[in-house]
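These numbers come from the heavy atoms of this one structure, side chains and all, not from hydrogens, waters or symmetry mates. Bear in mind the structure is a predicted one, so any value in this text is a computation, not a measurement.
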Amino acid sequence: MAIQALLVILAVLLVLLFLGVPISYAIAVSSLTAILSSIDLNVAVLTAAQRTFVGMSKFSLTAIPFFILAGNIMNQGGIAKRLVDFVMAILGKMPGALLVTNIGTNALFGAISGSASAAAAAVGSMIRDGADEQGYDPAVTAATNAASSCSGLLIPPSNALITYSLASGGTSVAALFMAGYIPGIIWALCCCVVGVLLAIKLGYKGTPGKFDWKNLGVCTLRALPSLSLIIVVIGGIIGGVFSATEGSAIAVVYALVLAFCYRSINLKSLWKIIVDSAKMSGMVVFLVGVSNILGWVMAFLQIPDAVAAALLCLTSNKYIILLIMNVILLVSGTFMDVTPAILIFTPLFLPICQSFGMSTVHFGLILVYNLCIGNITPPVGNALFVGIKVGRTSLSKVMPYMLMYYVAIIGGLLLVTFIPAVSTALPQAMGLM
């Protein structure tokens, strides 16, 4: 019964997505379709409405709209150039300096803005002209930009981790934020290894001359106000000064002050930013609400228990089970955005992982890391296509280089999956879990 209901949910969901139905409506309809064999339609609809309201009424959900607004302000706030100069001052002597700088800046800018696509667009456009002048292949530059753009989604503040906290029943946001640092850095380092190897193979050298400490000092001072956003917000949350929701509001105020000081936005552009953020926040909040229907349906029909039993019938080896989950998540991420995928797969897979002693924090980082890879894989791959557009090249030229990045990034995924300390060491050291 439970497996049949799961198949109904997946079949209806895939058909509706193929027809172009918005993901939130597709989740609600597929969930109701699966439950109709067990309860009356009137009861199902009333319960669905109640669960949607409950899902949207969580106080911690308020953090997402604020972080979206802060990120959009920072996207328009003229900080990308300052971050590029800062990272270039540190890494400029390495082979393929612009590639490595692109990777490092994406990690910082993605963490500040909370968007892989925004990082790929803002940083990629800053790097592109210099790369063209120095004779870099546009396909290599675009692949490097796209592949590294998602590292910032793991490094806090991260809306994906906040969404997972809600979907998992209240996992500590502070613990998840601290857990995201090492996986995010691993992602960036994997990209750096590939970038340096490509640079050596293609003959891309670093900037000539000795290391310029004076330039580093100047670039650090220019970038410090932007970098301080991460320190203020994350430091306050970890230190218990304020909650994640309060921290998100502080991030908005900080971003506004910074943007006006840089004179990069005015009242007219600020209104557009607020409207765009409200639209995006409305979609996310409604999606969280209707996904609560799916969670209730799964619990009512005992679908996670049935899936766990089915997997354990195949094997009792937790490492093989984790490999199977990774494959499912990687495939699903190619055609689903990160937020709905988190809301769908958390109630399905988390109970299985908890059954063999995995912490909710560790599973959360495995889940988010997996789904971030979907941002750089066709056919959806938003960050990938933004990187290609910014790089003024084509998918066919970029993909041979992307394959190298995929191998390295999936290698990082295996580290995150099978070495729990990668995700849990920092939050445990700080007494957060």
| request: Please report the closest heavy-atom contact between G180 and L161, naming both atoms and the distance. | output: CA-CD1, 4.5 Å
| remark: Distance col, row Q50:CD vs T52:OG1, nearest 0.5 angstrom, shows 9.5 Å
Exercise answer: donor-acceptor pairs, residues 331-349 side-chain atoms, under 3.5 Å, sequence neighbours excluded:
{"residue": "S332", "atom": "OG", "partner": "I328", "partner atom": "O", "Å": "2.8"}
{"residue": "T334", "atom": "OG1", "partner": "V331", "partner atom": "O", "Å": "2.5"}
{"residue": "D337", "atom": "OD1", "partner": "N382", "partner atom": "ND2", "Å": "3.4"}
{"residue": "T346", "atom": "OG1", "partner": "I342", "partner atom": "O", "Å": "2.6"}

| field | Residue F356 excluded, over 12 heavy atoms near CZ under 6.0 Å | value | yes
| request: Quick one: pull up CG in L69 and CD1 in I64 and give me the separation to the nearest 0.5 Å. | output: 14.0 Å
| request: Quick one: which residue pairs count as a salt bridge (Lys or Arg N to Asp or Glu O under 4.0 Å) with a foot in residues 275-304, not counting sequence neighbours? | output: K272-D276
| What heavy-atom pair brings G412 and I186 nearest, and what distance separates the two atoms? | CA-CG2, 3.8 Å
| Spatial distance of atom CE (M88) from atom OG1 (T101) [nearest 0.5 Å] | 4.5 Å
| message | Please determine whether the number of non-hydrogen atoms from other residues, nucleotides or ligands lying under 6.0 Å from atom CZ of F418 exceeds 12. | response | yes
| said: Main chain of A147, side chain of W187: is a donor-acceptor contact present, judged purely on distance under 3.5 Å? | reply: yes
| task | Answer yes or no: does atom OH of Y25 have more than 12 heavy-atom neighbours from other residues, nucleotides or ligands under 6.0 Å? | result | no
| request: With rounding to the nearest 0.5 Å, note down the distance linking OG1 in T47 to CG in N42. | output: 10.5 Å
| field | NE2 on H362 to CG on L322, rounded to 0.5 Å | value | 7.5 Å
| said: Donor-acceptor check, side chain of Y254 to backbone of P225, threshold 3.5 angstrom: yes or no? | reply: yes
| query | For A120 and S149, which heavy atoms make the closest approach, and how far apart are they? | reply | CB-CB, 3.9 Å
